[in-house]
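In what follows, a single structure is set out as structure tokens and then discussed.
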Amino acid sequence: MAPSNKDYDWLGPGVYFWENDALRAYEWAQAKAASGAYDDPFVIGAIIDLGNCLDLLQRENIELLTDAYDSLKLLNEQAGTEMPKNKDPKTINQGDKLLRFRDCAVIRHLHEIIEDKHYNDPESEDYIEPFDTVRGLFVEGSPAYPQGGFYSRTHTQIAVRNDTCIKGIFLPRGEIGS
């Protein structure tokens, strides 16, 4: 499986999976096929060991992201460059900011900091192991009902950075999307 490495990949580079949502994965595959990116949309399942996971559903990991953002912002200010911005695609899902340039840049920067032995000394008691996977909740779509806080396409995704975390793949049972 080929990892994605686009500048707008919201969880940074990796092989992307939807967690427990084959229907949402299939909807995405259908949209990609309709755009001409793929010929035949389908979904595979995977058995994934998250390993050392940057789980963005846990507060301490959000704090790491905040620190990485502050560091990246300072670097951009020193270089006289603008921070990347999350954007809507030109044609779909206005308001969802599906092109996550800023999020990707912050996560990439966090990985760079952690993988730099000058800043993250393996002998230090504050050492952070490099992350094998990144897991996050993506709020997307229209409200499920008026004035509600749940959205029609909200999903959890995992970006696998270390391919040894993918223990196996399979075809899901039954039909998806029928």
Side-chain angles (χ1 to χ4, degrees), residues 1-46 48 50 53-58 61-62 64-66 68-73 75-77 79-112 131 133-161 163 166 169 172 175-178:
M1 286 181 266
S4 185
N5 195 18
K6 296 177 184 77
D7 287 340
Y8 57 80
D9 288 335
W10 76 293
L11 297 176
V15 179
Y16 276 69
F17 294 92
W18 273 259
E19 184 178 300
N20 299 317
D21 196 348
L23 178 58
R24 180 65 191 104
Y26 187 67
E27 290 170 349
W28 179 86
Q30 285 180 305
K32 294 299 270 185
S35 75
Y38 300 118
D39 293 329
D40 187 23
F42 66 95
V43 172
I44 61 167
I48 300 169
L50 295 177
C53 181
L54 176 61
D55 189 342
L56 301 175
L57 301 175
Q58 295 180 350
N61 291 329
I62 295 296
L64 284 175
L65 266 191
T66 301
Y69 168 82
D70 291 341
S71 170
L72 183 62
K73 184 178 177 197
L75 288 174
N76 276 270
E77 287 170 356
T81 57
E82 283 191 34
M83 286 287 288
K85 293 183 173 107
N86 293 341
K87 299 178 182 177
D88 284 318
K90 290 182 172 72
T91 57
I92 60 168
N93 295 339
Q94 296 301 310
D96 284 336
K97 304 283 189 224
L98 297 179
L99 302 175
R100 299 290 186 100
F101 294 100
R102 177 172 290 182
D103 296 340
C104 183
V106 170
I107 288 177
R108 283 179 191 266
H109 186 61
L110 176 60
H111 291 311
E112 289 168 2
F131 292 106
T133 57
V134 181
R135 179 175 180 252
L137 181 71
F138 194 95
V139 177
E140 179 185 12
S142 57
Y145 48 84
Q147 299 181 1
F150 299 101
Y151 292 79
S152 61
R153 292 183 168 214
T154 295
H155 57 276
T156 302
Q157 278 189 310
I158 299 167
V160 178
R161 295 171 38 84
D163 61 0
I166 302 171
I169 59 172
E175 287 197 36
I176 300 170
S178 54

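Because the structure is a prediction, the values reported are computed rather than measured. Throughout, numbering of the chain's residues begins at 1 and tracks the sequence.
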Minimum heavy-atom distance [X]-[Y], with the two atoms named:
{"X": "T154", "Y": "V139", "value": "OG1-CA, 3.5 Å"}
{"X": "P13", "Y": "A159", "value": "O-CB, 4.4 Å"}
{"X": "F42", "Y": "I44", "value": "CE1-CG2, 3.6 Å"}
{"X": "G45", "Y": "P172", "value": "N-CD, 3.9 Å"}
{"X": "E140", "Y": "L98", "value": "OE2-CD2, 3.6 Å"}
{"X": "I107", "Y": "W10", "value": "CD1-O, 3.4 Å"}

- Message: Go through it in stages, so that I can follow the logic: the residues are N86 and D103, the test is side-chain contact (heavy atoms from CB on, under 4.5 Å), and I'd like the CA-CA distance, side-chain angles, deciding distance and then a yes or no.
- Response: CA-CA 7 Å; N86 293 341; D103 296 340; 3.2 Å; yes

- Task: Please say whether the positively charged group of K87, taken as NZ for Lys or CZ for Arg, lies over the ring of Y8, i.e. under 6.0 angstrom from the six-membered ring centre and within 45 degrees of the axis.
- Result: no

- Message: Testing T133, V134, L54 one by one against R161 for a side-chain contact (heavy atoms from CB on, under 4.5 Å), which residue passes?
- Response: V134

- Task: List the steps, then state whether side-chain contact (heavy atoms from CB on, under 4.5 Å) holds for L65 with L110.
- Result: CA-CA 7 Å; L65 266 191; L110 176 60; 4.1 Å; yes

What's the separation between atom [atom1] in [X] and atom [atom2] in [Y], rounded to the nearest 0.5 Å?
{"X": "I158", "Y": "L56", "atom1": "CD1", "atom2": "CG", "result": "11.5 Å"}
{"X": "L23", "Y": "W28", "atom1": "CG", "atom2": "CH2", "result": "14.5 Å"}
{"X": "R135", "Y": "L11", "atom1": "CZ", "atom2": "CG", "result": "11.0 Å"}
{"X": "E19", "Y": "L137", "atom1": "CD", "atom2": "CG", "result": "10.0 Å"}
{"X": "I62", "Y": "D55", "atom1": "CD1", "atom2": "CG", "result": "9.0 Å"}
{"X": "N76", "Y": "L72", "atom1": "CG", "atom2": "CG", "result": "5.0 Å"}

- Taking N61 for the side chain and Q58 for the main chain, is one N or O donor matched with an acceptor at less than 3.5 Å?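 No; zero donor-acceptor contacts below 3.5 Å.
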
Got [X] and [Y] here, is their nearest side-chain heavy-atom distance under 4.5 Å?
{"X": "V15", "Y": "D163", "result": "no"}
{"X": "P143", "Y": "Y151", "result": "yes"}
{"X": "M1", "Y": "F17", "result": "yes"}
{"X": "Y69", "Y": "R102", "result": "yes"}

- Would R108 and D7 satisfy side-chain contact (heavy atoms from CB on, under 4.5 Å), going step by step from the backbone distance to the final call? CA-CA 9 Å; R108 283 179 191 266; D7 287 340; 3.9 Å; yes

